[in-house]
Amino acid sequence: MNSFSTVEKLLAKQSYPVIEKKPEHRLEAEVILLEYGVKKDSGFFKLYTKYFLRALRSGADEIVDPLPTRSFILGVKFAHEVWEVPKNYILFSTGEGEGGYLYNIEDDSVWDYQMGQLQQLADGTLPHWDSFYEFMIWYLSDEEDA
């Protein structure tokens with residue numbers, strides 16, 4: 001089973017219903033993600049254009065969907081302008097608590113970032129997942145499964 005299928009199975013098990021996007025919402029999400037440099041063949045692009053991904057797991061940082069755009073775009077701009085995170089990273093969690101999950105558009109990795117950790121991010125020493133699918137499998141798994 002490939003990683004995309006594994007994530008879809010985990011999405012189906014969530015206590016909150018995961019909604020598949022209608023074609024018009026898929027197109028809108030594609031435009032937004034492409035505008036921020038997300039590659040069409042990435043796991044991030046494939047999942048965020050197919051499903052609304054938010055409020056998936058209680059007790060974890062809430063991830064943010066590109067739709068509605070307000071929350072997503074404000075979060076991305078906040079990370080770039082206030083935290084001074086490089087443009088190749090997209091904040092896709094709420095950013096509450098002065099940190100969040102950053103998606104690297106260049107290599108599909110996800111980084112667990114806290115404000116003030118720019119050097120560690122640049123050095124590659126922060127906790128991270130090598131792919132968005134790997135992150136989502138961790139994020140969606142039960143505590144005892146992780």
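What you see is a predicted model; the values in this text were computed from it and never measured.
The side chain to side chain contact (heavy atoms under 4.5 Å, CB included) test with F4 is passed by exactly one of K9, K46, M136: K46.
The structure places CD1 of I90 at 11.0 Å from CD1 of I32, a figure rounded to the nearest 0.5 Å. Taking OH of Y48 as the start and CG of L33 as the end, the distance is 9.0 Å to the nearest 0.5 Å. In this structure, L53 CG and Y139 OH are separated by 9.5 Å, a value rounded to the nearest 0.5 Å. Note: Q120 CD to L118 CG = 8.5 Å, rounded to the nearest 0.5 Å. Y133 contributes atom OH, which lies 13.0 Å from atom CG of L10 (distance to the nearest 0.5 angstrom).
Across every non-hydrogen atom of F52 and V18, the tightest pair is O-CG1, 4.0 Å. Closest approach of D112 to Q114, counting heavy atoms only: OD1-NE2, 4.0 Å. Of all heavy-atom pairs spanning S93 and G100, the tightest one is OG-CA, 3.1 Å.
Residues that satisfy the salt bridge (Lys or Arg N to Asp or Glu O under 4.0 Å) test with E8, not counting sequence neighbours, are K50. Here E134 pairs with W129, D130, S131 under the side-chain contact (heavy atoms from CB on, under 4.5 Å) rule; sequence neighbours left out. Residues forming a side-chain contact (heavy atoms from CB on, under 4.5 Å) with E81 (at least two apart in sequence, or on another chain): K77. Not a single side-chain hydrogen bond (donor to acceptor under 3.5 Å, both in side chains) links D41 to another residue, sequence neighbours left out. With sequence neighbours excluded, no residue forms a side-chain hydrogen bond (donor to acceptor under 3.5 Å, both in side chains) with T49. With sequence neighbours left out, Y113 forms a ring pair (Phe, Tyr, Trp, His ring centres under 6.0 Å) with W83. Scanning for side-chain hydrogen bond (donor to acceptor under 3.5 Å, both in side chains) contacts around E84 gives an empty result, with sequence neighbours left out. For K87, the side-chain contact (heavy atoms from CB on, under 4.5 Å) partners at least two apart in sequence or on another chain are H80. For E106, the side-chain contact (heavy atoms from CB on, under 4.5 Å) criterion is met by N88, N104, not counting sequence neighbours.
Note: the hydrophobic cluster containing F135 does not contain W111 (ILVMFWY, side chain heavy atoms under 4.5 Å, direct or indirect links). Following chains of ILVMFWY side-chain contacts shorter than 4.5 Å, one cannot reach V110 starting from L121, and the two form parts of different hydrophobic clusters. Under a hydrophobic clustering in which Ile, Leu, Val, Met, Phe, Trp and Tyr are joined whenever their side-chain heavy atoms come within less than 4.5 Å, directly or via other members, V38 and V31 fall into different clusters. Hydrophobic clustering keeps F92 apart from L102 (ILVMFWY residues linked when any side-chain heavy atoms are closer than 4.5 Å, directly or through intermediates). There is no path of hydrophobic side-chain contacts, each under 4.5 Å, that joins F78 to I105.
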When you look at D123 and T125, which way does the side-chain hydrogen bond (donor to acceptor under 3.5 Å, both in side chains) test go after all the steps?
CA-CA 6 Å; D123 294 342; T125 58; 5.0 Å; no
Do Y51 and I19 pass the side chain to side chain contact (heavy atoms under 4.5 Å, CB included) test, and can you show the C-alpha distance, the side-chain angles, and the key distance before you say yes or no?
CA-CA 6 Å; Y51 298 104; I19 301 168; over 6 Å; no
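The closest side-chain heavy-atom distance from L47 to F132 is below 4.5 Å. Here the side chains of L11 and L140 are in contact, with some heavy-atom distance below 4.5 Å.
No close placement of the Y103 and Y89 rings is indicated, their centers lying 6.0 Å or farther apart.
Within the structure, side chain to side chain donor-acceptor pair (under 3.5 Å) contacts touching residues 31-40 (residues at least two apart or in different chains) do not occur.
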Output side-chain donor-acceptor pairs under 3.5 Å for residues 22-30, partner residues at least two apart or in another chain, one line each.
{"unit_1": "R26", "atom_1": "NE", "unit_2": "K21", "atom_2": "O", "d": "3.3"}
{"unit_1": "R26", "atom_1": "NH2", "unit_2": "E20", "atom_2": "OE2", "d": "2.8"}

